[in-house]
Amino acid sequence: MREGIHPEYGPVVFRDRAADYAFLTRSTMTGEKMIEWEDGNTYPVVDVEISDVSHPFYTGTARVLDTAGRVERFESRYGKKD
């Protein structure tokens, strides 16, 4: 790798504010705020809107739309063109 062209890669805490959940990982992202982690060290924190803890797909609260029923309802309401 060439020197001086890659961003710094280090530990960062990602915090999901909606679910009150945070995890420590390594990333090139940085935050201006700092947070004290469970190990006693301070790390930059990046606030995210959604994570695997609050995303409907992972939590099992995702809704499946009945597209076939919607098409049939539209055709019955407005008539099917031949």
**Q** Filter on salt bridge (Lys or Arg N to Asp or Glu O under 4.0 Å), then keep only pairs touching residues 38-48, sequence neighbours left out; what's left?
**A**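 Checked against salt bridge (Lys or Arg N to Asp or Glu O under 4.0 Å) - neighbours excluded - the pairs reaching residues 38-48 are R15-D47, R17-D47, K33-D47.
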**Q** On a heavy-atom basis, which atom in G31 and which in V46 lie closest, and how many Å separate them?
**A**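 Closest pair (atom of G31, atom of V46, distance): N-CG2, 4.1 Å.
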**Q** Please give the remaining members of the hydrophobic cluster of I5, linking ILVMFWY side chains under 4.5 Å, ordered by chain and number.
**A** none
**Q** Please identify each residue that fulfils side-chain contact (heavy atoms from CB on, under 4.5 Å) with A19, with sequence neighbours left out.
**A**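 Partners of A19 by the side-chain contact (heavy atoms from CB on, under 4.5 Å) criterion, ordered by chain and then number, come out as D16, Y21, V53, S54.
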**Q** Could you list who else is in V45's hydrophobic cluster, with ILVMFWY side chains joined at under 4.5 Å, directly or through other members?
**A** V13, L24, I35, W37, Y43
**Q** Not counting sequence neighbours, which residues clear side-chain contact (heavy atoms from CB on, under 4.5 Å) with R26? List them please.
**A**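 side-chain contact (heavy atoms from CB on, under 4.5 Å) check on R26 returns Y9, P11.
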**Q** Quick check: are there more than 12 heavy atoms from other residues, nucleotides or ligands sitting under 6.0 Å from CE of M34?
**A** yes
**Q** T30: what forms a side-chain contact (heavy atoms from CB on, under 4.5 Å) with it, not counting sequence neighbours?
**A** none
**Q** Step through the shown structure and confirm whether more than 12 heavy atoms of other residues, nucleotides or ligands are within 6.0 Å of CG on D20.
**A**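 No - once you tally the heavy atoms of other residues, nucleotides and ligands closer than 6.0 Å, there are 12 at most.
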